[in-house]
Amino acid sequence: MPQIRVAVAGAGIAGLAFAAALRRTGIDCHIYEQAGRLAEVGAGVQVAPNATRLLRRLGLRERLRAVAVAPQAIEMRRWDDGTLLQRTPLGGPCRRRFGAPYYTLHRADLHSSLLSLIPPDRVHLGARCVAITQDADAARLHLSDGTTVTADLVVGADGIHSIVREQLVADQPRYSGQTIYRGLVPAERVPYLLTEPRVQLWFGPDQHCVCYPVSSGRQVSFGATVAASDWREESWSARGDVAELAAAYAGWHADVARLIGAAETVSRWALHDRESVDRLSSGRVTVIGDAAHPMLPFQAQGANQAIEDAVVLAVCLAEAGPDGLGAALRRYERIRLPRTSQIQRRSRDNAKTFHLADGDAQRRRDTAAQTSSGLDRHQWLFGYDAEQAATTSRSS
Ligand SMILES: Cc1cc2nc3c(=O)[nH]c(=O)nc-3n(C[C@H](O)[C@H](O)[C@H](O)COP(=O)(O)OP(=O)(O)OC[C@H]3O[C@@H](n4cnc5c(N)ncnc54)[C@H](O)[C@@H]3O)c2cc1C
């Protein structure tokens, strides 16, 4: 039986996870990545059971265990006096309930783990996609060096500024008004944060700070938002100013001040998202990850959702065969859109609730947080098995 030819734009988490998931079904694909080399960039990423269960099935159980940290809890605190507002247990209770761990890890460790699943000759570097064309027989990915790749299906995994998405909708990223400073601090400089491995958040007026251990506990990754109307850069390597960040967090709890003070360098990133779309495919072209549903990182789910997309699309394509491409893409869209739209929306909502000024609304938020600290409220998010959703949708 002839195999479907698949070309993927972008070797980020979505593109690599998709290639790995597709290979597991026996279908080959080629990835075209604009970067000349896949460098170690970024800081930490939280990967919840809804994605770790999929990564383990892709064959990364041991590899992730070696580099990740399994935090024991997520703790939310007040910005000034550090009062504990909510503690959600993770660790053993989370693993037992959801059958997979909650991990915090360095982005580069997640990326290189996924890359290890793909033969090097399937990843084409320095290959920037500048346009997509398609007709009834094929889709074409046009690269900046003038070459054209012809495939049965083009998958856009090219991030929030996706070229491939232009096939579906003429929209633009929306600036949230928030920037985020990110940094990595050697663990020995902040031992008071590591008495127990935890995800810790401090909520305050207009901004919040989050931190957690990564790299097997050798480093602490942090992200601290600062509202700004004049910053538009989105790059893991755009330099921020530690002194400016420290000034923005003046008066915050000593743990936050000491954490920021321990950073030698920080990056600064303007946070964008887009409106949800009502379709994910057009003809022989589809999108996954941030190209499909870029979201604010206030639920820590963008990469998790990219991994879910990857697995679902792979299952749909494998089960449809070469003649069933249209039906496979419709099925992928039907499974993914409701979930990713909901998570995009909730991530935006969190931007408001995390940053409430002290007052009535903040007190209501804190009371609600203190009375709902279990894992129950994460069932819909962490308990979701995207692969099972895909296989059981077969008959619907
Ligand atoms: C501050 C911050 C914190 C976050 N924290 C979390 C978290 O804790 N948990 C979580 O799940 N998510 C988190 N996210 C979201 C997560 O980082 C993204 O959702 C995820 O990286 C999306 O992966 P992607 O592969 O779709 O896109 P990207 O990571 O953007 O990758 C796109 C790839 O495509 C390439 N590319 C782009 N254009 C082209 C082109 N024209 N031709 C060829 N290649 C191209 C790029 O070079 C890149 O390699 C966070 C995001 C931010 C900004």
Side-chain angles (χ1 to χ4, degrees), residues 7-19 30-39 41-48 50-52 55 71 74 102-108 110-111 114-115 123-132 141-145 149 154-166 173 176 178-183 199 201 210-212 214 221-225 233-236 238 240 266-274 287-310 340 343-344 347 381:
V8 181
I13 288 163
L16 295 180
F18 172 64
H30 286 257
I31 308 179
Y32 299 87
E33 163 60 46
Q34 66 180 4
R37 70 190 181 97
L38 295 172
V41 287
V45 62
Q46 301 179 59
V47 189
N50 53 304
T52 56
L55 294 171
I74 301 174
Y102 193 105
Y103 278 153
T104 53
L105 65 168
H106 195 296
R107 218 184 143 76
L110 176 58
H111 196 260
L114 287 165
L115 189 60
V123 184
H124 307 273
L125 299 177
R128 186 160 65 88
C129 169
V130 290
I132 304 291
L141 206 140
H142 303 274
L143 301 176
S144 58
D145 66 359
V149 177
V154 166
V155 178
D158 49 346
I160 185 169
H161 296 290
S162 173
I163 298 283
V164 181
R165 183 183 171 102
E166 291 170 8
S176 64
Q178 291 284 329
T179 64
I180 190 160
Y181 287 82
R182 310 205 80 199
V199 178
L201 297 108
V210 56
C211 77
Y212 46 82
V214 298
S221 172
F222 71 89
T225 68
E233 211 164 334
E234 292 167 86
S235 158
W236 293 114
V266 284
S267 62
R268 191 178 180 190
W269 182 293
L271 295 174
H272 291 75
D273 66 0
R274 295 195 194 222
V287 283
I288 59 176
D290 277 10
H293 40 66
M295 54 185 75
L296 299 178
F298 302 149
Q299 205 164 217
Q301 274 287 324
N304 287 261
Q305 292 308 304
I307 294 163
E308 287 188 7
D309 289 345
T340 56
I343 295 171
Q344 266 180 306
S347 302
L381 188 56

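Ligands are counted one by one from 1 in listed order, and the atoms in each one are counted from 1 as well. We number each residue from 1, following the sequence as shown.
For ligand 1, the atoms sitting less than 4.0 Å from at least one non-hydrogen atom of N304 are 9 (N), 10 (C), 11 (O), numbered in the order shown with element in parentheses. Here is the list of ligand 1 atoms found below 4.0 Å of a heavy atom in G289: 26 (O). Those atoms of ligand 1 that come under 4.0 Å of a heavy atom in R182, given as number and element, are 1 (C), 2 (C), 3 (C). Close contacts of ligand 1 with Y32, meaning ligand atoms under 4.0 Å from a residue heavy atom, involve 43 (C), 44 (N). If you number the atoms of ligand 1 from 1 as listed, the ones under 4.0 Å from a heavy atom of I180 come out as 1 (C). Within ligand 1, the atoms closer than 4.0 Å to a non-hydrogen atom of A14 are 24 (P), 25 (O), 26 (O), numbered from 1 in the order shown. Heavy-atom contacts of I13 reach the following atoms of ligand 1: 25 (O) (cutoff under 4.0 Å). Each of the following atoms of ligand 1 lies closer than 4.0 Å to a heavy atom of A157: 32 (C), 33 (C), 34 (O).
At least one heavy atom of A127 sits closer than 4.0 Å to an atom of ligand 1.
Note: F222 CZ to Y181 OH = 10.5 Å, rounded to the nearest 0.5 Å.
Relative to atom 16 (C) of ligand 1, the option among A303, C129, A306, G10 with the closest non-hydrogen atom is A303. When S162, S347, G159 are ranked by how near their heavy atoms come to atom 27 (O) of ligand 1, first place goes to G159. Around atom 39 (C) of ligand 1, the closest heavy atom drawn from Q46, Q178, Q34 belongs to Q34.
Taking every heavy atom of both residues into account, A303 and V45 meet most closely at CB-CG2, 4.2 Å.
In this structure Y102 satisfies the ring-ring contact (aromatic ring centres under 6.0 Å, His included) test together with F382, sequence neighbours excluded. By the side-chain hydrogen bond (donor to acceptor under 3.5 Å, both in side chains) test, E33 pairs with no residue at all, sequence neighbours left out.
In this structure, R274 contributes its side chain and I160 its backbone to a donor-acceptor pair below 3.5 Å. Between the side chain of D158 and the main chain of I163, a donor-acceptor pair closer than 3.5 Å is present.
Remark: ligand 1 and R128 share no N or O pair separated by less than 3.5 Å (distance only, no angle test). Any N or O atom pair closer than 3.5 Å counts here, and A291 shares no such pair with ligand 1.
Only the side chain of I163 comes within contact range of ligand 1, with a heavy atom under 4.0 Å; no backbone atom does. With a 4.0 Å heavy-atom cut-off, ligand 1 is reached by the side chain of R107 but not by its N, CA, C or O. At a heavy-atom distance under 4.0 Å, only side-chain atoms of P297, from C-beta outward, approach ligand 1.
Checking R268 against T179 by side-chain atom types alone, a donor-acceptor pair falls below 3.5 Å. Side-chain contact, N50 with Q301: a donor N or O sits under 3.5 Å from an acceptor N or O.
Contact annotation: the side chain of R165 approaches that of P294 to within less than 4.5 Å [non-hydrogen atoms, C-beta and beyond]. Under the 4.5 Å side-chain criterion, counting only non-hydrogen atoms from C-beta, L125 is in contact with L38. Here the side chains of S162 and D290 are not in contact, with every heavy-atom distance at 4.5 Å or above.
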